[in-house]
K.L.:
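The structure follows.
In this text the structure is predicted, and so the values were computed from the model without any measurement.
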Amino acid sequence: MKKAGFRLQPVLELRRAQERSAALAAAQAAAAAARHEQQAADVAAALGAASVPRQLDGATFVATMVGLRALAADEVDARATARATAEQAEAVRAGWTAAAQATKALERLAERHRLAAARAELAAEERAADDVVTGRYRTSRREEDAWRD
């Protein structure tokens with residue numbers, strides 16, 4: 001008896017490849033989000049460590065304030081970038097979750113197919129054993145009947 005293969009096996013392999021790809025993309029997005037968060041923390045630390053010199057003339061004061069304002073703007077931009085990459089990483093992770101769910105659904109179908117094939121094979125073996133036993137019984141009954149006649 002020919003074993004029936006799982007017809008959706010190519011689709012399952014494709015889904016597994018998509019899941020691996022999505023997992024890689026999610027890892028890369030999470031790394032980018034962590035990197036941007038670290039950059040934002042570094043800029044914030046630099047802004048916190050910045051100080052105004054004690055002796056200031058007019059030009060030094062203006063230059064210091066312009067520099068601090070630029071550093072503050074850099075911090076705002078870094079925080080916005082970190083937030084955007086974190087949201088992007090979350091969206092990519094959601095795509096990975098969806099790919100994993102689709103793969104899991106097909107894996108459950110493949111497992112059901114495997115169990116059904118195993119049950120069918122066991123049932124066929126049982127029928128074959130029953131046929132052997134029934135055939136022996138019929139043969140022995142015919143021999144007894146022939147002897148009695």
K.L.:
For the residue pair Arg15 and Thr103, what are the closest heavy atoms and their distance?
P.N.:
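Closest approach of Arg15 to Thr103, heavy atoms only: O-OG1, 3.1 Å.
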
K.L.:
Which pair of heavy atoms, one from Ala33 and one from Ala89, lies closest together, and at what distance?
P.N.:
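Residues Ala33 and Ala89, closest heavy atoms: CB-CB, 4.2 Å.
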
K.L.:
State, to 0.1 Å, how close His36 and Thr85 come at their nearest heavy-atom pair, and which atoms those are.
P.N.:
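Looking at all heavy atoms of both residues, the shortest contact is ND1-CG2, 3.3 Å.
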
K.L.:
If you look at every heavy atom in Ala41 and Arg79, which pair is closest and at what distance?
P.N.:
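Heavy-atom minimum between the residues: CA-NH2, 4.0 Å.
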
K.L.:
Treat each ILVMFWY residue as a node, draw an edge where side-chain heavy atoms are under 4.5 Å apart, and state whether Leu68 and Phe61 are in one component.
P.N.:
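Yes, it is one cluster - the side chains of Leu68 and Phe61 are joined through contacts under 4.5 Å.
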
K.L.:
What are the two closest heavy atoms between Ala99 and Ala22, and how far apart are they?
P.N.:
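So the minimum-distance heavy-atom pair works out to CB-CB, 4.3 Å.
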
K.L.:
Check whether His113 reaches the backbone of Leu109 with its side chain - one donor and one acceptor, N or O, closer than 3.5 Å.
P.N.:
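It does not hold such a pair.
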
K.L.:
Applying salt bridge (Lys or Arg N to Asp or Glu O under 4.0 Å) to Glu19 and Arg16, what does each step give before you reach the verdict?
P.N.:
CA-CA 5 Å; Glu19 182 181 0; Arg16 284 181 178 154; over 6 Å; no

K.L.:
Carefully, step by step, assess Gln9 and Leu12 under the rule side chain to side chain contact (heavy atoms under 4.5 Å, CB included).
P.N.:
CA-CA 5 Å; Gln9 188 64 32; Leu12 178 59; 4.0 Å; yes

K.L.:
For the CE atom of Met65 and the OG1 atom of Thr60, what is their distance to the nearest 0.5 Å?
P.N.:
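Separation between the atoms: 11.0 Å.
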
K.L.:
Does Thr97 use its side chain to pair, donor to acceptor, with the backbone of Arg93 at less than 3.5 Å?
P.N.:
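Looks like yes, one N/O pair under 3.5 Å.
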
K.L.:
Between CD of Glu126 and CD of Glu121, what distance do you get to the nearest 0.5 Å?
P.N.:
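Spacing of CD (Glu126) from CD (Glu121) equals 11.5 Å.
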
K.L.:
Does a salt bridge link Glu111 with Arg114, judged by any charged N lying under 4.0 Å from a carboxylate O?
P.N.:
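Counted as a salt bridge, because a side-chain N and a carboxylate O are separated by less than 4.0 Å.
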
K.L.:
Just verifying a value: how many Å separate Leu106 CG and Gln101 CD, rounded to the nearest 0.5 Å?
P.N.:
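Answer rounded to 0.5 Å: 12.5 Å.
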
K.L.:
So, Glu37 and Arg83, do they make that salt bridge, N to O below 4.0 Å?
P.N.:
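Arg83 and Glu37: not salt-bridged.
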
K.L.:
For Leu47 and Leu71, which heavy atoms make the closest approach, and how far apart are they?
P.N.:
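Nearest heavy atoms, Leu47 then Leu71: CA-CD2, 3.5 Å.
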
K.L.:
Is there a continuous path of hydrophobic side-chain contacts, each under 4.5 Å between heavy atoms, that joins Leu14 to Phe6?
P.N.:
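No, it is not one cluster - the side chains of Leu14 and Phe6 are not joined through contacts under 4.5 Å.
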
